[in-house]
Each structure stands twice: as structure tokens, then as C-alpha cells.
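Shown next, in C-alpha cells, is the structure this report addresses.
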Amino acid sequence: MSTANEFHHIPVLKQEVLEYLQFDPSRPARLIDGTVGGGGHSALLLEKYPKLELLGIDRDDAALAAAGKRLAFAGERVKLVRGNYADLAAVAVENGWDLVDGVLLDIGVSSPQLDVAERGFSWRNDAVLDMRMDRRSEMTAGRWLNRTGEAEMARVFREYGEIRRAGMLAKKAVEMRENKPFAMTSDLVALSDAVLGRAKPGQLPHPTLVFQAVRIAVNDELKQLECGLKSALNILVPGGRIAVISFHSLEDRIVKNFFRKESTQCICPPGLPVCCCGHEAELKLLTRHAVTATESEVAENSRSACAKLRAAEKLG
């Protein structure tokens with residue numbers, strides 16, 4: 001088990017990221033890694049392109065500390081900022097970057113966040129219900145569970161965890177917190193066990209889905225992703241590329257729909273005689289379908305099994 005002072009993350013889809021984020025090695029280029037994490041993907045790109053500059057953004061202070069060490073070899077080509085990738089265009093401008101040649105987003109919880117028990121992301125270790133990616137935030141998982149109304153809680157369990165008995169789960173949560181407020185990860189596991197029981201063989205453990213739903217709500221992850229994609233599109237130069245790695249269907253669906261919309265010239269309802277929307281395509285798809293890890297990568301790193309990469313290029 002990792003300790004709070006460690007942040008060791010194995011980047012997924014490394015070769016695929018290098019394939020879709022390409023730069024002219026003879027010219028300076030700028031890349032934003034909006035979820036820099038431990039700096040694994042950025043290190044590969046900085047090593048391959050000696051004239052590449054990086055602006056690395058992350059909400060997690062531990063991640064930024066690890067990235068600083070990992071990317072020290074690149075010296076002044078690297079600038080690391082604590083912030084939210086949803087605001088990456090604004091963060092870039094604040095740091096003197098008006099336009100960029102590439103954007104990389106590796107969405108979701110990282111291995112170190114899961115492995116460090118006291119972060120409260122994993123149901124396998126008993127710890128305080130935290131789950132904050134940005135530990136400056138006041139909203140922890142415990143506070144969310146103790147303050148959120150039953151209807152909203154049911155929506156989160158249903159939409160973010162894709163849990164069929166979401167209504168019953170929310171009702172039981174309200175009953176449980178009246179007797180004893182949610183404080184530890186074991187409290188949330190107890191809720192899951194009481195309502196959902198054990199998963200069938202071959203299915204994800206039910207606590208995994210419950211924790212996923214709460215984590216997404218606490219960190220407002222899906223809204224942040226929508227904002228981050230729009231922000232990235234606005235700051236890319238013509239010919240610039242964006243690559244996004246996601247780990248579950250909710251995230252991937254948002255990325256797929258965004259790329260599809262922004263690569264379509266007209267989004268009017270079918271059957272209209274003339275275009276009324278005025279929408280113009282701004283992206284060219286580089287991946288028609290999500291790119292997944294090879295069998296050899298999954299064998300080396302099981303967490304890559306759920307990873308999906310989509311990429312697109314800004315039109316002129």
C-alpha cells in the first residue's frame with residue numbers, strides 16, 4: 001500500500017498518446033497537460049520533442065510535487081500550476097500562453113489517489129470519507145453524504161454509478177445518517193452491502209460503483225470535463241491536437257459526443273430543407289472509435305483495461 005508521501009503512477013496508453021500527439025521536432029511547440037498527475041505522459045513527450053514546452057495543471061498538490069520531480073530534466077520548458085483543467089484556457093492566459101499546439105487530458109482518479117488509504121477514494125481500506133481531488137475544497141464525501149437530499153442522491157447513484165436500486169440506496173443512506181453520520185469509508189461500504197449485497201461473479205463489486213458515483217459528485221467531474229473540452233477547443237491553434245483518456249462510459253460518452261458535434265458541419269434535425277443552426281465543424285476526428293490498451297499492456301498494468309483514448313485535430 002502506498003503512503004501519503006508517495007505518488008507513483010504508471011501512465012496508460014503511452015504509445016497511443018505519442019502516436020496522436022505529434023509535433024514538428026524542428027519547431028517550438030506548446031502542450032497543456034490538464035491532468036498532469038505524476039507527469040508520466042508529459043515526460044515521454046518532453047523527451048521525444050526537445051523544443052516542446054509544457055504547462056502542467058492539476059488539482060492535487062501531491063501530484064504536482066511528483067510531477068515536479070519527474071519532469072525536472074526538462075528545466076525551464078516546464079511550468080506546473082495548481083488549478084482545474086476545466087479552466088485550462090484561463091490558466092494558460094494567466095501564464096502567458098494565448099494558444100497551444102496540443103492538449104492532453106487523462107480523466108478520473110489516479111492510481112496513487114486510490115492506493116493512499118487516507119485519501120478515502122477506495123472502499124478496500126477504512127479511512128475518513130474524503131475523496132477530494134483538490135484538498136482545498138470544503139466538500140468531502142462525508143459532507144456530501146450527510147447533507148445531500150434523497151432525490152439528488154438517488155440521481156447521482158443512478159446516473160454516475162449506473163446503479164439500478166439507486167432510489168432504495170438513497171433512502172437507506174438518509175435513514176442511516178439520522179442514526180450515525182457518515183464518517184468513514186466503511187460506513188459507505190455498509191450502506192452498499194445493506195442495499196445491494198454482493199455482486200454476481202464477473203460483475204464489478206457494488207461498492208466500486210457506489211464510491212465512483214460519490215467521487216464524481218464530490219469533484220463535479222462530468223461538468224469539469226465538459227468545460228475542459230470546450231476550453232481546450234478554444235485555445236488550440238489550427239492543426240493543434242487534443243487527446244483525451246477516460247476510464248468509464250460516462251466520461252467516454254461526453255468526449256465522444258463533443259468530438260462528434262464539433263466535427264460535424266451541420267447539427268440541424270434531419271429533414272430540414274436548409275441549415276438553420278449555422279454550426280461549423282472545428283475538429284477533424286483522428287480516432288473513429290475509442291482506442292484501447294493492447295493485451296500486453298493490460299497484462300503489465302491491469303488498470304489500463306478500462307482506458308479509452310479519443311483524439312481530434314483543430315481545423316484551420
Side-chain angles (χ1 to χ4, degrees), residues 11-37 40-57 77-78 85-93 95 97-108 224-247 251-268 275 277-294 307-316:
V12 301
L13 301 173
K14 294 182 290 186
Q15 294 307 313
E16 291 78 2
V17 166
L18 291 175
E19 177 183 350
Y20 288 106
L21 285 180
Q22 297 184 15
F23 306 94
D24 184 343
S26 66
R27 299 175 57 188
R30 285 179 165 179
L31 167 71
I32 292 181
D33 188 340
T35 50
V36 70
H41 289 116
S42 291
L44 294 171
L45 289 160
L46 288 164
E47 288 168 354
K48 183 175 181 179
Y49 299 103
K51 294 188 177 182
L52 181 66
E53 296 179 55
L54 172 77
L55 176 60
I57 304 170
R77 290 195 288 144
V78 174
Y85 73 87
D87 308 314
L88 65 84
V91 173
V93 171
N95 286 273
W97 287 25
D98 296 326
L99 294 170
V100 300
D101 303 278
V103 173
L104 173 62
L105 300 176
D106 185 356
I107 307 302
Q224 303 296 340
L225 176 55
E226 293 173 355
C227 294
L229 292 170
K230 294 175 183 177
S231 192
L233 178 60
N234 290 336
I235 201 170
L236 277 174
V237 299
R241 293 186 170 189
I242 175 173
V244 185
I245 300 173
S246 60
F247 286 85
E251 297 167 338
D252 182 58
R253 191 178 305 131
I254 290 173
V255 179
K256 178 179 69 175
N257 290 339
F258 179 83
F259 280 4
R260 180 171 58 191
K261 175 185 175 184
E262 298 305 334
S263 62
T264 302
Q265 191 66 17
C266 171
I267 56 174
C268 286
C275 175
C277 67
H279 186 269
E280 296 184 2
E282 293 192 70
L283 290 175
K284 177 180 72 174
L285 297 181
L286 301 177
T287 53
R288 287 289 171 184
H289 304 285
V291 176
T292 57
T294 62
K308 296 179 180 180
L309 181 146
R310 295 183 187 270
E313 183 177 295
K314 181 82 171 279
L315 294 172

Verdict with supporting geometry, Val12 and Phe247, side-chain contact (heavy atoms from CB on, under 4.5 Å): CA-CA 10 Å; Val12 301; Phe247 286 85; 3.7 Å; yes
Derivation of the side-chain contact (heavy atoms from CB on, under 4.5 Å) call for Leu229 and Ile254: CA-CA 9 Å; Leu229 292 170; Ile254 290 173; 4.0 Å; yes
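Using a 4.5 Å heavy-atom cutoff, the side chains of Ile107 and Ile245 are not in contact. At a threshold of 4.5 Å between non-hydrogen side-chain atoms, the residues Leu225 and Val255 count as touching. Leu315 places none of its side-chain heavy atoms less than 4.5 Å from the side chain of Leu283. Proximity of Ile235 to Leu88: side-chain heavy atoms (C-beta onward) are separated by under 4.5 Å at one or more points. Using a 4.5 Å cut-off on side-chain heavy atoms (C-beta onward), Leu31 and Val103 make no contact. Under the 4.5 Å side-chain criterion, counting only non-hydrogen atoms from C-beta, Glu16 is in contact with Val291. Counting heavy atoms from C-beta outward, Gln15 and Val17 have side chains that stay 4.5 Å or more apart.
Checking side-chain atoms of Ser263 against main-chain N and O of Phe259 turns up a donor-acceptor pair under 3.5 Å. Of the possible donor and acceptor atoms, none in the side chain of Thr35 sits under 3.5 Å from a partner among the backbone N and O of Leu105. Although no hydrogens or angles enter the test, the distance criterion places no donor-acceptor pair under 3.5 Å between the side chain of Arg30 and the main chain of Leu99. Under the 3.5 Å distance criterion, the side-chain polar atoms of Asn95 are left unmatched by any main-chain donor or acceptor of Trp97. For Arg77 (side chain) and Pro50 (main-chain N/O), a donor-acceptor pair under 3.5 Å exists by modelled atom type. In terms of modelled atom types and a separation under 3.5 Å, the side chain of Glu262 and the main chain of Phe258 share no donor-acceptor contact. Judged by distance alone, with hydrogens and angles left aside, the side-chain atoms of Thr292 form no donor-acceptor pair with the main-chain N or O of Lys308 at under 3.5 Å. Within the 3.5 Å criterion, the main-chain N or O of Leu44 finds no donor-acceptor partner in the side chain of Lys14. When atom types are taken as modelled, the side chain of His41 and the backbone of Asp106 share no donor-acceptor pair closer than 3.5 angstrom.
The list of salt bridge (Lys or Arg N to Asp or Glu O under 4.0 Å) pairs with a residue in residues 236-245, not counting sequence neighbours, reads Arg241-Glu313.
Taking all atoms of both residues into account, the shortest heavy-atom contact from Ala290 to Asp252 is CB-OD1, 4.2 Å. In plain terms, the two heavy atoms of Asp87 and Ser231 that are nearest each other are C-OG, 4.1 Å. In plain terms, the two heavy atoms of Pro25 and Lys51 that are nearest each other are O-CD, 3.9 Å. The minimum heavy-atom distance between Val36 and Gly56, with the atom names listed, is CB-CA, 4.0 Å. The nearest pair of heavy atoms linking Ala29 to Asp101 is CA-OD2, 3.3 Å. For the pair Gln22 and Leu18, the tightest heavy-atom approach, listed with the atom from each and the gap, is CG-O, 3.6 Å.
Atom CD of Glu47 sits in a crowded spot, with more than 12 heavy atoms from other residues, nucleotides or ligands closer than 6.0 Å. Environment of NZ in Lys48: crowded, with over 12 heavy atoms of neighbouring residues, nucleotides or ligands closer than 6.0 Å.
Tyr49 is linked by a ring-ring contact (aromatic ring centres under 6.0 Å, His included) to Phe23, counting only residues two or more places apart in sequence or in another chain.
The CZ atom of Arg253 sits 11.0 Å away from the CZ atom of Arg260 when rounded to the nearest 0.5 Å. The NZ atom of Lys256 sits 14.0 Å away from the CD atom of Glu251 when rounded to the nearest 0.5 Å. To the nearest 0.5 Å, atom CG of residue Leu104 and atom CG of residue Leu21 are 5.5 Å apart. Interatomic distance, CG of Leu46 versus CD of Glu53, reported as 10.0 Å (0.5 Å rounding). To the nearest 0.5 Å, atom CD of residue Glu19 and atom CG of residue Leu309 are 9.0 Å apart.
For the residue pair Asp33 / Ser42, a side-chain donor-acceptor distance below 3.5 Å is found, with atom types taken as modelled.
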